[in-house]
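Let me begin by presenting the structure, written as structure tokens, before commenting on it.
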Amino acid sequence: MPATRIIQTLISQNKLTQEQWAEVEQEAKKEGLEEEEILIKKNIVSEKDLGQIKAELFSLPFVDLAELEIPSDILNTIPQAVAENYHLILYDKKDNDVKIALVHPGDYRSIEAIDFWAKKGAYKTHFAVTTHAGYREALKGYTAFQKEVSDALEVLQKQRVTTEKKAKKRLIEVIKKAPVATIVDLMIQEAVDLGTSDIHIEPAQDASRVRFRVDGVLRVYLSFPAHFHESIVSRIKVLANLKIDETRIPQDGRIRREVYDQEVNLRVSTLPVMGNEKVVMRILQSEVKTPSLGDLGFWYKVHDDLEKIIARPTGVLLVAGPTGSGKSTTLFSILSALNKETVNISTLEDPVEYFMRGVNQTQVSPEVGLTFASGLRALLRQDPNIVMVGEIRDTETAELAIHAALTGHFLVSTIHAKDVLGVIPRLIDMHIEPFLVSAAMNMVLAQRLVRKICPDCKQETTIPAPLEKEFKSELETIPEESRIMLEGISMQGSLKFFKGGEKECDTCGGSGYKGRTVVAEDLVMTPELTEIMNTKFSLEDLTKELRRQGKTTFKQDAIIKAIHGLTTVEEVLRVTRE
């Protein structure tokens, strides 16, 4: 609203003099307030009179929001963040006709934002003018239930009941009357409580749904009315410093929240889908202690090999596996074991997920030319002892990694390959000479994640005879050096297997699983393997060397962990037959 038009009107009505206006301008600048607020503060003009003048100038009706009681569902049609950003309130709604009160009717930025919002929702807008006081009073409606919900949150935090069924019920009860900001906070709190790795908020025609990924599996956690979706997305965008009114392109951001006195980082990604937006938030608990290699589930020979290899000052250690197989967590467990004041550890990541004290972490940014390759080239000039590269995905990065190892650095990274036998051919496909691979490589590790049986509802089960026969046949081929893993297990008669989830369980919510563990296989570079690689070799040669080293395979490791009661037969089949 151009101030001159208001001032001219006030002066023409003898409600303001030129001298008074000069004082108002000076005081507004000094106190950092709007001129209108100073006019009201100095009792030069009443707020209602000022609002009516603006309404007349713009040929709009005037509405005193302080005298209205706006239903929560109507108020929340426009997200709180939008209302606060543009100083407006949606105060009436009938079908697709909406009435919106503006504090600043001349702010065309606000009009454009509302026009964009209205077009997207097929709303027909009717504008009015209101006062600052009326706007502030109406704004309280967004947080009218804050105390009641806060009390509910306090009770929930004390109870800390983790049964999914109960958690769903109480969250839905709160959502019915909670402001959007509290819904988002509670959603994050419940996700952390249940050990969720990712929160998916997905729009649909009639209702939107929230899914939590727990132990690697997505499950519907709750559904809410479709008209809540935009408000929830807008709230998340505000927290992540994203553009609220940009819905046409993907956006990425971060949120930091404190949950149960623990700092939680969330990586936020928005994506346009079917005229709306989907949001995925990955939960990164930066204060959680990095698990040891044993905690992750590396057993016996694989664990011993890792301990020996990471003690070496130079060379390459590659971790293979598909997306979501825990490769990054393994790398950070290795870095955690090596993290000392006497060494310089530097990383290149995409994106940075875990924050480690004492480690120099860099996030690649291809849009500005900072790729894994260019970043690694620069990083090697920073006098590092240990280097972690998020992924080797191209020839240039692979060449630099090999070069780093050959010039006195210890480098760990990930690579996409199905198993350890696929890693060396993958590097050769990247045009890395076999003799360079054999000279630089220390060890190749491949892994998957399987869900662990819930300890509180675990029970013995049987499996089909043909499947048991297959498992026994597989176990008979385990090399002698690794048979310690079968100690105490009789191969005579039926093998024992376990499962969970047959009864209602507060620990796992009836899923039968709680947490995950790794199944792995590894291959160490030996003189024999070097000789194989420096001559014409085949996968058959690599397989023979794997057996000569006394290594167990993925499948053998998974079966043994199922027999020990760590995981189920279903999980074994899932990771070994994918």
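Reckoned from all heavy atoms, side chains included, excluding hydrogens, waters and symmetry mates.
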Using atom types as modelled, flag every donor-acceptor pair under 3.5 Å from a side chain in residues 374-381 to any protein atom, sequence neighbours excluded.
{"residue": "Ser374", "atom": "OG", "partner": "Gly369", "partner atom": "O", "Å": "2.8"}
{"residue": "Ser374", "atom": "OG", "partner": "Thr371", "partner atom": "N", "Å": "2.8"}
{"residue": "Ser374", "atom": "OG", "partner": "Thr371", "partner atom": "O", "Å": "3.4"}
{"residue": "Ser374", "atom": "OG", "partner": "Thr371", "partner atom": "OG1", "Å": "3.2"}
{"residue": "Arg377", "atom": "NH2", "partner": "Glu396", "partner atom": "OE2", "Å": "2.3"}

Handout entry: Smallest separation among heavy atoms of Val423 and Ala417, with atom names
Key =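 Closest approach of Val423 to Ala417, heavy atoms only: CG2-CB, 3.8 Å.
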Only counting residues at least two apart or in another chain, list the ones meeting side chain to side chain donor-acceptor pair (under 3.5 Å) with [X].
X: Thr270; answer: none
X: Asp304; answer: none
X: Lys551; answer: Asp305, Asp522
X: Ser292; answer: Asp295

Exercise for the section: Identify, with sequence neighbours excluded, every residue that meets side chain to side chain contact (heavy atoms under 4.5 Å, CB included) alongside Thr477. Expected result: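 Scan of Thr477 (side chain to side chain contact (heavy atoms under 4.5 Å, CB included), adjacent residues dropped) gives Glu474, Arg547, Gln556.
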Fill in the blank from the handout: For Lys308, the side chain to side chain contact (heavy atoms under 4.5 Å, CB included) test, sequence neighbours excluded, returns none
Exercise for the section: Tell me yes or no: between the side chains of Asn360 and Asn344, is some donor less than 3.5 Å from an acceptor? Expected result: yes
Handout entry: Distance-only donor-acceptor check, side chains Tyr300 and Thr552, under 3.5 Å
Key = no
Practice task
Say whether, by atom type as modelled, one donor and one acceptor occur between the side chain of Thr196 and the main chain of Asp198 under 3.5 angstrom.
Solution key: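 Checking the backbone N and O of Asp198 against the side chain of Thr196, no donor-acceptor pair under 3.5 Å is found.
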Exercise for the section: Tell me, please, which residues at least two apart from Glu571 pass salt bridge (charged side-chain N to carboxylate O under 4.0 Å, His left out). Expected result: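 With neighbours one apart ignored, the set is Arg451, Arg574.
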Which ring-ring contact (aromatic ring centres under 6.0 Å, His included) pairs, counting each pair once, include a residue from [range], with sequence neighbours left out?
range: residues 549-576; result: Trp299-His564
range: residues 327-353; result: Phe332-Tyr354
range: residues 447-490; result: Phe471-Phe497

Practice task
In plain terms, say whether Lys555 and Glu470 are close enough for a salt bridge, that is, a side-chain N and a carboxylate O under 4.0 Å apart.
Solution key: yes
Extract all donor-acceptor atom pairs below 3.5 Å that involve side chains of residues 427-442 and protein atoms in other chains or at least two apart in sequence.
{"residue": "Ser438", "atom": "OG", "partner": "Pro434", "partner atom": "O", "Å": "3.3"}
{"residue": "Ser438", "atom": "OG", "partner": "Phe435", "partner atom": "O", "Å": "3.0"}
{"residue": "Ser438", "atom": "OG", "partner": "Asn534", "partner atom": "OD1", "Å": "3.4"}
{"residue": "Asn442", "atom": "OD1", "partner": "Arg312", "partner atom": "NH1", "Å": "3.2"}
{"residue": "Asn442", "atom": "ND2", "partner": "Thr314", "partner atom": "O", "Å": "2.8"}

Handout entry: Heavy-atom side-chain contact between Phe212 and Val210 under 4.5 Å
Key =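 Yes - at least one pair of side-chain heavy atoms lies under 4.5 Å apart.
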